Asker: 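Take this structure, written in structure tokens, and hold onto it; I'll ask about it next.
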Amino acid sequence: MDHQPAHARRRYDPGSIEPRWQQRWADDGLYRIDNDDNREARYVLSMYPYPSGPAHIGHVRNYTYGDVLVRYNTMAGYGVLSSIGFDSFGLNAENAAIKSNTHPRIFTDKRIDQLTESLRRIGAVYDDRRTVKSHDVNYIRWNQHFFLKFLEADLAYKAEAPVNWCPGCRTVLANEQVVSGRCERSGDEVERRTMSQWFYRITGYAQELLDELETLDWPDRVKIMQRNWIGRSEGVQFGLPIADAKGTARTDVDPLVVYTTRPDTGFGMTFAVMSPEHPRVEELVTDEQRPVVEAFRAEVSKRSEIERLSNTGNTDHPNGQHKSMTKRGVFTGSAVVNPFTNTAIPLYLADYVLMDYGTGAIMAVPGQDQRDWDFAEAHELDIVRTVRPPDGFDGQAYTGDGPAVNSEWLDGLTVDEAKQAATDWLVDTGLGEQRVNYRLRDWLLSRQRFWGCPIPIVYCDTCGAVPVPESDLPIVAPDDVEFRPTGESPLNYHESFLNTGCPICDGPARRETDTMDTFVDSSWHFLRFVDPWNPDQPFSSDAVEKFLPVNQYIGGVEHAILHLLYARFFTKALADLGLAPSNLREPFAKLFTQGMVRLGGSKMSKTKGNTVAPESFVDTHGADALRLAILQAKPASEDVDFEDIQLEGCERFLNRVWRLAATPTRDIDNTRSGQPAEPDNRIETATHRLIAATTEQYQRLAFNTAVAGFMEFTNGLYKYVQSADGPHGPTLRLAIDTLLQLMAPAVPHITAELWAIRHEGQHVHELSWPEADQAKLRESTVTMVIQVNGKVRHRVDVNADITDADARATALSSERVQALLGGSEPSNVIVRAPRLVNVVA
RNA sequence: GCCCGGGUGGCGGAAUGGCAGACGCGGCGGAUUCAAAAUCCGCUGUCCGAAAGGACGUGUGGGUUCGACUCCCACCCCGGGCACCA
């Protein structure tokens with residue numbers, strides 16, 4: 001191999017072969033699939049990208065993994081659905097539009113073209129006919145259709161909701177746009193405002209979303225995150241009667257309803273707390289306390305939720321429990337009656353109690369809850385322990401198990417027993433009922449933004465909020481709008497869009513100007529992919545049944561909660577509404593979360609300006625080298641530092657493969673024909689082993705070890721070609737051809753080119769996947785390790801069929817073992833023929 | 001604080017309870033060359049040793065086992081998620 005053989009056709013030149021094959025795949029429509037394709041269907045999907053211009057390295061990683069699987073599964077004989085679309089609505093384009101007073105569609109379309117071109121240049125293949133864009137009127141139309149269906153089914157509703165409001169930008173901000181209580185753009189302090197907003201009732205599916213996680217082949221990490229997010233808890237909801245001046249329960253007023261998961265601690269309830277937003281605050285506050293309470297409520301309303309819940313600047317509590325921020329709150333002047341002790345306890349207002357969880361009011365038990373303990377200390381309230389902490393406990397609230405104390409008829413019971421007894425008592429006496437609560441909140445849909453899917457609603461003075469009739473869809477935002485930096489949607493100024501007629505009474509009405517959260521768009525694009533040309537329906541049931549659920553979904557773990565939960569909810573809702581097959585309960589059967597690409601240890605992002613443009617590497621090293629470097633650098637599930645993606649070694653390797661394979665085997669000097677000998681059999685075995693290993697590695701996305709296997713095998717072939725007797729022609733030919741087939745999903749261009757050189761008129765990606773011959777996986781001789789007391793002392797080559805007895809005899813008779821035993825008999829001999837013998841002295 | 005991951009050569013990493021460090025990067029040496037690049041071949045965990053060989057070695061400390069990177073217990077460190085959800 002130390003000279004270029006005269007017959008080598010040409011040098012490896014990715015710059016010339018890559019565009020040619022990309023064109024060929026597009027022309028042949030090799031990765032197009034029709035809905036009546038008769039191969040077994042597979043749906044391999046990478047997450048819906050936001051088109052931010054040319055691909056960044058993170059995109060390349062994601063779409064390379066997807067592409068390898070698409071190509072592998074195609075070669076393995078499946079009819080693979082591979083499509084891509086663009087999550088093309090959103091703030092980014094709108095902000096750019098405001099800056100230059102240009103329509104966001106102009107930016108968006110350009111960026112989609114750029115991203116499409118980037119993906120083509122790295123060799124990723126899709127059924128180009130199935131592309132979907134969120135801002136396409138056809139997509140908007142079905143999005144609005146779903147909204148109307150959800151509304152009919154009471155899965156969509158409008159309600160007052162507190163939002164993050166930036167006074168400088170005069171707009172609502174998403175939680176992610178609020179950084180420590182301030183607007184990330186203007187720096188203004190974010191306020192909480194209550195606005196009328198649309199919601200999707202995802203909470204109606206809380207239990208199903210929780211239960212069916214079990215059926216999914218997803219990373220545990222993601223399932224756990226969703227479980228926590230849904231946050232199911234079991235407890236009791238019961239009433240605390242309002243106390244009169246003498247401290248006895250009033251019967252003329254409804255009790256204050258509280259929720260607890262620790263009914264066993266009821267005897268330790270020394271005060272009660274309601275949320276500042278609780279609707280009964282007005283009623284329950286005394287005149288004397290009213291000014292203080294009003295001031296407190298006003299102050300709280302100005303805080304963002306994030307600020308209110310954050311504990312920034314707090315230190316961890318010495319006893320290891322959660323120490324939260326200073327407990328802010330005020331006395332209402334009123335008291336309620338603790339039904340366990342029948343005594344009056346003070347009722348407070350505090351912002352650590354949230355209105356949208358449970359009943360918005362709690363029984364406070366400082367002895368067993370650190371938050372209540374902190375509040376009690378700050379406001380000098382009584383603390384009573386009702387669970388005895390273990391000896392030596394020097395903390396504050398004790399939340400562990402132990403015998404009940406100070407609790408009359410519960411004394412001595414364990415926490416679980418006491419919970420049961422207290423629950424029974426509350427239920428039997430009619431005070432309360434068992435209750436399951438979820439932390440999951442309904443999905444706030446409304447965005448005060450222009451660049452999104454309009455919500456198809458009109459407001460009529462007489463009829464109220466009226467859904468737009470199906471026949472009027474799609475409602476599309478007008479193009480002749482002015483983008484002004486007011487922070488308000490330009491739709492608010494567009495009179496002809498705004499003013500319309502009421503579909504019911506025909507009177508004057510105004511259109512809803514809010515648009516939908518873009519997570520709506522990414523909640524069903526994978527369904528549209530299966531039937532994107534359908535003009536009458538969002539998708540047909542037949543097409544969905546053929547391809548769904550997605551066999552392999554690939555994306556970043558940053559979507560573990562929002563996108564993946566919304567998409568699951570959407571799928572269930574569509575199925576229940578008869579819009580998708582009713583048995584489709586989950587969209588993504590199997591999920592793989594790939595790691596992020598970091599630069600200098602920090603997450604790469606446009607705002608940080610530390611992105612790397614992969615296009616330059618395609619120019620200098622070729623797409624195949626880039627793909628291979630990404631595959632090889634790290635396990636796919638782990639984060640990778642960009643510096644660890646090394647292209648030079650990969651490019652060198654591809655050159656080695658080129659020099660080996662571009663020379664037809666018959667031309668290699670000293671190639672033998674005739675019967676294969678022992679060294680040839682070893683190559684044959686290695687070839688079949690590589691098939692088995694690569695197949696298994698692709699299936700579990702162990703790309704880094706698959707690449708290592710290619711390199712190791714290639715190194716072996718180099719030695720083989722240069723061996724004294726020279727290579728056996730047919731054996732070498734099979735080895736190289738097999739290597740090319742196995743590498744074809746990973747490095748599609750070079751393998752396609754080499755295959756065409758070696759087999760004129762054939763296309764490697766149209767071949768079927770090689771199968772390992774079981775009989776040829778076994779080597780005839782293996783190296784047997786001989787251990788003495790578990791340490792390797794000697795190695796011998798033995799026949800792979802060696803019996804246990806022979807292996808034992810071979811080991812014991814070896815000089816090394818004899819020397820180490822020094823004449824004494826071994827106490828034990830472990831034989832694992834043919835791999836290992838362990839002699840225990 | 002709670003819940004997940006993870007700690008292996010100079011670096012990225014590999015290894016169903018059975019040869020620790022595959023493969024790649026980097027380094028060293030050799031071949032080729034007028035020379036260099038490219039390429040090819042070899043070596044490359046640490047320590048002792050001329051070598052043969054030996055000792056040590058997968059975050060720390062224990063344990064199980066003929067045998068532990070792998071399983072168990074305790075702890076340390078790093079990364080991520082959640083964090084007033086009653």
Side-chain angles (χ1 to χ4, degrees), chain A residues 1-4 219-225 227-229 231 233 235 258-262 265 273 308-311 314 316-317 319-325 327 350-354 356-365 368-372 374-375 437-441 557-558 560-561 595-596 601 628-629 632-635 637-641 643-646 648-650 652-653 655-656 659 702 704-715 718-719 722 783-795 816 826-832 835-841:
Chain A
M1 303 302 291
D2 53 353
H3 62 284
Q4 279 289 319
D220 282 341
R221 184 161 67 122
V222 175
K223 291 200 211 178
I224 289 166
M225 283 163 77
R227 235 174 254 134
N228 292 340
W229 190 262
S233 83
V258 296
Y259 170 76
T260 184
T261 56
R262 292 295 302 274
T265 63
V273 186
R308 178 169 159 187
L309 299 188
S310 80
N311 65 344
N314 285 310
D316 285 336
H317 199 266
N319 75 353
Q321 291 177 356
H322 188 261
K323 169 78 172 182
S324 51
M325 66 204 307
K327 288 291 180 279
D351 70 350
Y352 79 93
V353 175
L354 309 175
D356 53 6
Y357 185 78
T359 61
I362 61 157
M363 67 174 216
V365 188
Q368 272 75 231
D369 185 295
Q370 189 60 39
R371 297 159 301 186
D372 297 342
D374 293 337
F375 192 84
N437 266 321
Y438 302 91
R439 292 173 56 179
L440 183 68
R441 298 173 197 186
V557 74
E558 65 270 23
I561 294 172
M596 285 186 314
L628 196 69
Q632 187 225 22
K634 273 251 188 177
S637 58
E638 287 181 28
D639 288 353
V640 59
D641 273 328
E643 301 88 273
D644 294 325
I645 298 174
Q646 299 275 350
E648 287 77 10
C650 290
R652 201 172 299 162
F653 166 71
N655 267 299
R656 272 163 80 77
R659 285 191 300 273
N704 58 328
T705 51
V707 174
F710 302 149
M711 291 176 166
E712 191 173 17
F713 185 71
T714 302
N715 292 344
Y718 264 65
K719 287 200 182 74
Q722 293 167 80
T783 301
M784 186 171 80
V785 168
I786 300 171
Q787 298 181 333
V788 176
N789 292 333
K791 293 189 178 184
V792 179
R793 296 299 181 181
H794 195 41
R795 294 183 176 86
R816 299 268 310 133
S827 64
N828 194 6
V829 181
I830 312 290
V831 182
R832 295 285 180 272
R835 291 279 162 207
L836 174 139
V837 176
N838 186 13
V839 180
V840 184

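In the text below, chain A, chain B and the rest are named by the order of the sequence lines, each starting its count at 1. None of these values were measured; they are calculated from a predicted model. Computed from heavy atoms alone, side chains included, the values below leave out hydrogens, waters and symmetry copies.
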Asker: Only counting residues at least two apart or in another chain, list the ones meeting side-chain contact (heavy atoms from CB on, under 4.5 Å) with R439(A).
Answerer: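 Once residues adjacent in sequence are excluded, the partners of R439(A) under the side-chain contact (heavy atoms from CB on, under 4.5 Å) criterion are Y357(A).
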
Asker: Is the phosphate of rC40(B) approached by Q722(A) (side-chain N or O, under 4.0 Å from OP1 or OP2)?
Answerer: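 Result: no.
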
Asker: Indicate, with a heavy-atom threshold strictly under 4.0 Å, whether R227(A) touches base, sugar-phosphate, or nothing.
Answerer: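 Counting heavy atoms under 4.0 Å across all strands, no contact is made by R227(A).
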
Asker: When both hydrogen-bonding distances must be under 3.5 Å and the geometry is Watson-Crick or G-U wobble, what is rC2(B) paired with, if anything?
Answerer: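 Answer to the pairing question: rG81(B), which forms a Watson-Crick or G-U pair with rC2(B).
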
Asker: Say you pick atom P in rG7(B) and the same atom in rU58(B); how far apart are they, in whole Å?
Answerer: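 Roughly 13 Å separates the two P atoms.
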
Asker: Sort out the partner of rG21(B) for me: Watson-Crick or G-U wobble, both distances under 3.5 Å, none otherwise.
Answerer: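 Its partner is none (no Watson-Crick or G-U wobble pair with both distances under 3.5 Å).
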
Asker: Taking the side chain from N838(A) and the backbone from G790(A), do they hold a donor-acceptor pair closer than 3.5 Å?
Answerer: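 Checking the backbone N and O of G790(A) against the side chain of N838(A), a donor-acceptor pair under 3.5 Å is found.
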
Asker: If you compare every side-chain N and O of R793(A) against the phosphate oxygens of rG54(B) (OP1, OP2), does one of them come in below 4.0 Å?
Answerer: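 Answer yes for this pair, as a side-chain N or O of R793(A) is under 4.0 Å from OP1 or OP2.
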
Asker: Using whole Å, report how far CE of M363(A) lies from C1' of rC84(B).
Answerer: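 My rounded result for the distance is 16 Å.
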
Asker: In whole angstroms, how far is the P atom of rG17(B) from the CZ atom of R835(A)?
Answerer: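 Between P of rG17(B) and CZ of R835(A): 16 Å.
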
Asker: Please report the interatomic distance OG1(T265(A)) to CD(Q368(A)), rounded to the nearest 0.5 Å.
Answerer: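 It is 6.0 Å, given to the nearest 0.5 Å.
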
Asker: Which atoms of nucleotides 21-25 of chain B (N or O only) lie under 3.5 Å from a protein N or O atom, and what are those distances?
Answerer:
unit_1, atom_1, unit_2, atom_2, d
rA22(B), O2', E712(A), OE1, 3.4
rA22(B), O2', E712(A), OE2, 3.0
rG24(B), OP1, N715(A), ND2, 3.1
rG24(B), O4', Q632(A), NE2, 3.1
rG24(B), O2', Q632(A), NE2, 3.4
rC25(B), OP1, R652(A), NH1, 2.9

Asker: Mind checking side chain to side chain donor-acceptor pair (under 3.5 Å) for D639(A) and listing every partner two or more places apart, or none if nothing turns up?
Answerer: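 Counting only residues at least two positions away or on another chain, D639(A) forms a side chain to side chain donor-acceptor pair (under 3.5 Å) with R598(A).
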
Asker: Counting only Watson-Crick pairs (N1-N3 plus N6-O4 or O6-N4) and G-U wobbles (N1-O2, O6-N3), all under 3.5 Å, who is the partner of rU33(B)?
Answerer: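 None - no nucleotide pairs with rU33(B), as no candidate has both distances under 3.5 Å.
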
Asker: Under 4.0 Å, heavy atoms only, any strand: does S233(A) hit a base, just the sugar-phosphate, or nothing?
Answerer: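 Sugar-phosphate: the residue S233(A), judged by heavy atoms under 4.0 Å, touches backbone atoms but no base.
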
Asker: When rounded to the nearest Å, what value does the distance between C1' atoms of rC66(B) and rC73(B) take?
Answerer: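 The answer is 23 Å between these two C1' atoms.
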
Asker: For nucleotides rG79(B) and rG45(B), find the distance between their C1' atoms and express it as a whole number of Å.
Answerer: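 It comes out at 26 Å once rounded to the nearest Å.
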
Asker: Return the polar atom pairs (N/O with N/O) between nucleotides 80-82 of chain B and the protein under 3.5 Å, or none.
Answerer:
none

Asker: When rounded to the nearest 0.5 angstrom, what distance separates CD in E638(A) from CG in N704(A)?
Answerer: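 Answer rounded to 0.5 Å: 8.5 Å.
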
Asker: Across all strands, who's sitting opposite rU70(B) as a Watson-Crick or G-U wobble pair, both distances under 3.5 Å?
Answerer: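 Across any shown strand, rU70(B) pairs with none.
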
Asker: Starting from C1' on rC78(B), measure out to CG on D641(A) and report it in whole angstrom.
Answerer: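 So the two atoms are 14 Å apart, to the nearest Å.
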
Asker: For the P atoms, the ones on rG59(B) and on rU65(B), what distance do you get once it is rounded to whole angstrom?
Answerer: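 My reading of the P atoms in rG59(B) and rU65(B) gives 23 Å.
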
Asker: Let me know the distance between CD of E638(A) and C1' of rC78(B), rounded to the nearest Å.
Answerer: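 Taking atom C1' of rC78(B) as the reference, CD of E638(A) is at 13 Å.
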
Asker: Say you pick atom C1' in rA83(B) and the same atom in rG12(B); how far apart are they, in whole Å?
Answerer: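 Those two atoms are separated by 34 Å.
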
Asker: Would you kindly give the NZ-to-P distance between K791(A) and rA20(B), to the nearest whole Å?
Answerer: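 Nearest whole value for this atom pair: 11 Å.
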
Asker: For nucleotides rA14(B) and rG24(B), find the distance between their C1' atoms and express it as a whole number of Å.
Answerer: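 Roughly 11 Å separates the two C1' atoms.
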
Asker: Scan every strand shown for a Watson-Crick or G-U wobble partner of rA38(B), both distances under 3.5 Å, and answer none if you come up empty.
Answerer: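 Paired with no nucleotide.
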
Asker: T705(A): which residues meet the side chain to side chain donor-acceptor pair (under 3.5 Å) condition with it, sequence neighbours left out?
Answerer: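 T705(A) satisfies side chain to side chain donor-acceptor pair (under 3.5 Å) with Q697(A) once adjacent residues are dropped.
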
Asker: Any chance you could list the contact pattern along nucleotides 61-69 of chain B? Use B for base contacts, S for sugar-phosphate-only contacts and - for none, protein heavy atoms under 4.0 Å, 5' to 3'.
Answerer: -----BS--

Asker: If you check every side-chain atom of R816(A), which of rG54(B), rA86(B), rG12(B) has the closest atom?
Answerer: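 For the R816(A) side chain, the nearest candidate turns out to be rG54(B).
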
Asker: Partner of rG45(B) by Watson-Crick or G-U wobble geometry, both contacts under 3.5 Å, or none?
Answerer: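 Base-paired to rC56(B).
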
Asker: Using whole Å, what does the distance between atom C1' of nucleotide rC40(B) and atom CZ of R659(A) come to?
Answerer: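 One finds 9 Å between C1' of rC40(B) and CZ of R659(A), rounded.
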
Asker: Check side-chain contact (heavy atoms from CB on, under 4.5 Å) between V792(A) and all other residues, then give those that pass, not counting sequence neighbours.
Answerer: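 Partners of V792(A) by the side-chain contact (heavy atoms from CB on, under 4.5 Å) criterion, ordered by chain and then number, come out as V785(A), Q787(A), R795(A).
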
Asker: Roughly how far, to the nearest 0.5 Å, is the CZ atom of R441(A) from the CG atom of D356(A)?
Answerer: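 Nearest 0.5 Å value for the CG-CZ distance: 4.0 Å.
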
Asker: What is the distance from atom CZ of R659(A) to atom OH of Y718(A), rounded to the nearest 0.5 Å?
Answerer: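 The distance works out to 4.5 Å.
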
Asker: rA35(B) and rG21(B): how far apart are their C1' atoms, nearest whole angstrom?
Answerer: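 To the nearest whole Å, 38 Å.
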
Asker: Residues in side-chain contact (heavy atoms from CB on, under 4.5 Å) with R832(A), at least two apart?
Answerer: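 Partners of R832(A) under the side-chain contact (heavy atoms from CB on, under 4.5 Å) test: I830(A), L836(A).
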
Asker: Can you list the residues that meet the side chain to side chain donor-acceptor pair (under 3.5 Å) rule with Q632(A), with sequence neighbours excluded?
Answerer: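 Partners of Q632(A) by the side chain to side chain donor-acceptor pair (under 3.5 Å) criterion come out as none, since no residue qualifies.
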
Asker: Could you pull out all residues at least two apart from R793(A) that satisfy salt bridge (charged side-chain N to carboxylate O under 4.0 Å, His left out)?
Answerer: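 Per chain and number, R793(A) pairs via salt bridge (charged side-chain N to carboxylate O under 4.0 Å, His left out) with no residue.
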
Asker: For rG57(B) versus rC69(B), give the span between their C1' atoms, rounded off to a whole number of Å.
Answerer: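 Looking at atom C1' only, rG57(B) and rC69(B) are 11 Å apart.
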
Asker: Using the test side chain to side chain donor-acceptor pair (under 3.5 Å), find all partners of T261(A) that sit at least two apart in sequence or belong to another chain.
Answerer: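 T261(A): no side chain to side chain donor-acceptor pair (under 3.5 Å) contacts found.
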
Asker: Pick base, sugar-phosphate or nothing for I362(A), based on heavy-atom distances below 4.0 Å to the nucleic acid.
Answerer: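 Counting heavy atoms under 4.0 Å across all strands, the contact made by I362(A) includes a base.
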
Asker: Going by the glycosidic torsion and a 90 degree boundary from 0, is the base of rG27(B) oriented syn or anti?
Answerer: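 The base of rG27(B) is oriented anti (glycosidic angle more than 90° from 0).
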
Asker: Can you sort out the partners of F375(A) under ring-ring contact (aromatic ring centres under 6.0 Å, His included), two or more places apart, ordered by chain and number?
Answerer: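 F375(A) satisfies ring-ring contact (aromatic ring centres under 6.0 Å, His included) with F271(A), Y348(A), Y352(A), H379(A) only.
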
